Amino acid sequence: MARTKRYNGYLRKSFLFEGKRIYVYAKTKEELLSKELEKRQELEQGEQNLYNPTLNAYYHHYTEVRRKQVRESTIRGQKCQFENISNVVMANNRTFGEMRIKDITRRDIEYTRQSLLDAGKTPQNLNICYSHLNSVFNSAVIDETIIKNPCKALKKLKRDVPPITETRHRALSIEETVKFFEVAETRNSFYINAFKMMIQTGLRVGELGALKRGDIDRINRFIYIRHTISRTETGSYYVQDDAKTMSGIRDIPLSDDILKTIRSQENLNRIIFGFNYGDLLFTSIEGEILREYALNREIKRICKQADIEYFTCHAFRNTFATRFIEQRPQDYKILSEILGHKDVSITLNLYTHVMTENKVNAMNDLQIKIS
């Protein structure tokens, strides 16, 4: 350390930090010592933030890097997943996110997971959250912030409830479908045409809500899927200019039944909103962007009245696909294109139970004369 000396009327002191000489100035020796200590702490903290940031600080960097790679809605959803974990209070009364990333061990991660399980989080939800956390640590390994990923060896929790595709997202039976629409009709439900459209086309809720009048080609008899509803990082809804994925951009043939549903919705829009209603075909009852929770809330009311086990609006998409593959199993590739799946294997994996039933029926019906 260099000795204290006068410099332009001030006391000056210097010291080396990471090979660089640092100077501090003050009017008195006491003030000089205080400023030196403060400067050292500031430099050490900065060095630690640079080379051993807190998990929260690293996640901020991770998110900023990915902004040009993923959609705002994805960032928003993953932030929620991360915050579930980062807000867990550890044994030292600091949150998990406040821990230095190099100091985090697998035991710390297991502690957060058990805390969330004790707080009532489901294994299914936590598997999603920790899968994202694993990606964060993988990124930290790649950019050499840490040497190894403490989350890598974490095993998935066992599911404690049936898959959602067998409950709330299940394909409806024919009996359930008939009962549901009978009650929806008697209730004069504002969303009945939205429900019909989803079960007739397999559209996702976001695609239905983003459907514009110009997307309906009555001459060539096609529906052009080009947009979807998305959310900003702050949670606001908006109509995205493109589909969720490239495979989501597709043309769905316009059958007579689908056209009838569209005309019914157009008439309803004129009655409620007037002839100069907006460009969107399906909106909320207030004329705003269609939200999934509004549809699910109405479905819940109808299910209760119809004495049907509750399901979400995604079940209409699964019901459409199930009826299609039951009646035309050979056309599974066409179904894949109509649903907007990236790969036909996704379609086959989702509806393998229907394919199996059809295969059994086909073998039972097959007659081969051998004598």
Side-chain angles (χ1 to χ4, degrees), residues 73 167-218 223-231 235-240 243-244 252 254-321 323:
S73 56
T167 55
R168 290 182 294 165
H169 288 183
R170 72 186 187 280
L172 306 180
S173 67
I174 294 174
E175 182 184 3
E176 283 179 315
T177 304
V178 171
K179 285 176 70 177
F180 178 87
F181 282 101
E182 282 178 350
V183 172
E185 200 79 52
T186 59
R187 284 174 55 86
N188 199 23
S189 173
F190 174 79
Y191 295 112
I192 188 169
N193 291 320
F195 300 147
K196 286 181 179 179
M197 191 72 173
M198 283 188 284
I199 206 169
Q200 290 170 334
T201 61
L203 285 179
R204 302 177 177 94
V205 178
E207 294 167 341
L208 178 77
L211 200 61
K212 301 179 180 180
R213 289 191 274 184
D215 296 329
I216 311 301
D217 185 347
R218 289 172 169 82
I223 302 170
Y224 302 125
I225 309 302
R226 300 291 184 271
H227 321 280
T228 190
I229 293 172
S230 191
R231 300 181 76 176
S236 301
Y237 291 83
Y238 70 99
V239 176
Q240 198 168 277
K244 185 178 179 181
I252 298 177
L254 184 60
S255 68
D256 290 339
D257 286 340
I258 297 171
L259 185 57
K260 183 179 177 182
T261 299
I262 291 172
R263 285 172 176 163
S264 176
Q265 183 62 29
E266 288 172 333
N267 289 333
L268 183 62
N269 288 342
R270 294 187 192 103
I271 292 169
I272 295 180
F273 307 119
F275 281 86
N276 295 322
Y277 67 91
D279 197 29
L280 296 177
L281 272 173
F282 296 91
T283 65
S284 70
I285 198 167
E286 298 83 13
E288 303 295 330
I289 288 179
L290 190 65
R291 290 166 169 76
E292 186 173 358
Y293 71 79
L295 294 174
N296 287 338
R297 187 171 54 197
E298 178 67 359
I299 289 172
K300 193 170 187 177
R301 296 184 185 121
I302 295 171
C303 284
K304 185 176 181 180
Q305 191 173 335
D307 194 24
I308 297 172
E309 184 183 349
Y310 171 65
F311 59 88
T312 67
C313 50
H314 194 81
F316 292 123
R317 178 173 165 86
N318 284 346
T319 303
F320 163 80
R323 294 292 96 82

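Small disclaimer: the values here were computed from a predicted structure and weren't measured.
Pairing each heavy atom of V239 with each of A210, the nearest pair is CG1-CB, 3.8 Å. The shortest heavy-atom contact between C313 and N296 is N-OD1, 2.9 Å.
Annotation: side chain to side chain donor-acceptor pair (under 3.5 Å) contacts of S73 (sequence neighbours excluded): S230. Partners of E298 by salt bridge (charged side-chain N to carboxylate O under 4.0 Å, His left out), not counting sequence neighbours, listed by chain and number: R187, R301. Contacts of R317 classified as salt bridge (charged side-chain N to carboxylate O under 4.0 Å, His left out), with partners at least two apart in sequence or in another chain: none.
With contacts defined as side-chain heavy-atom distances shorter than 4.5 Å, the pair F282/M197 qualifies. Contact annotation: the side chain of L203 approaches that of I225 to within less than 4.5 Å [non-hydrogen atoms, C-beta and beyond]. Proximity of E175 to V178: side-chain heavy atoms (C-beta onward) are nowhere separated by under 4.5 Å. By the 4.5 Å heavy-atom criterion applied to side chains, T186 and Q305 are counted as neighbours. In this structure, the side chains of F320 and T201 stay at 4.5 Å or more apart for every pair of heavy atoms. At least one side-chain heavy atom of E185 sits under 4.5 Å from a side-chain heavy atom of I192. In this structure the side chain of I223 reaches within 4.5 angstrom of the side chain of L211, judged on heavy atoms. Put simply, the side chain of L281 reaches to within 4.5 Å of the side chain of R213, judged on heavy atoms.
Between the OH atom in Y310 and the CZ atom in R170 there is a gap of 10.5 Å [rounded to 0.5 Å]. Interatomic distance, T261 OG1 to F195 CZ, rounded to the nearest 0.5 Å: 13.0 Å. With rounding to the nearest 0.5 angstrom, the CG atom of L280 is 10.0 Å from the CG atom of L208. Between the CD1 atom of I199 and the CZ atom of F180 there is a distance of 8.5 Å, given to the nearest 0.5 Å. Separating the NZ atom in K196 from the OG atom in S189 is a distance of 10.5 Å, to the nearest 0.5 Å.
Legend: salt bridge (Lys or Arg N to Asp or Glu O under 4.0 Å) pairs involving residues 257-274, not counting sequence neighbours, sorted by first then second residue: R218-E266. Residue pairs satisfying the side chain to side chain donor-acceptor pair (under 3.5 Å) criterion with at least one member in residues 272-283, sequence neighbours excluded, are absent.
A centroid separation of less than 6.0 Å is found between the aromatic rings of F316 and F311.
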- Can you list the steps and then say if N193 with S264 is a side-chain hydrogen bond (donor to acceptor under 3.5 Å, both in side chains)? CA-CA 7 Å; N193 291 320; S264 176; 3.2 Å; yes
Taking distance alone, no hydrogens or angles, what donor-acceptor pairs closer than 3.5 Å link side-chain atoms of residues 285-295 to residues at least two apart or in another chain?
from	atom 1	to	atom 2	distance (Å)
E286	OE1	S284	OG	3.1
R291	NH1	I289	O	3.0

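In this structure, the side chain of Q265 does not engage the main chain of I262 through any donor-acceptor pair within 3.5 Å. No side-chain donor-acceptor contact under 3.5 Å links D217 to the backbone of Y224.
The side chain to side chain contact (heavy atoms under 4.5 Å, CB included) test with Q200 singles out one residue from T319, I258, I252, and that residue is I258.
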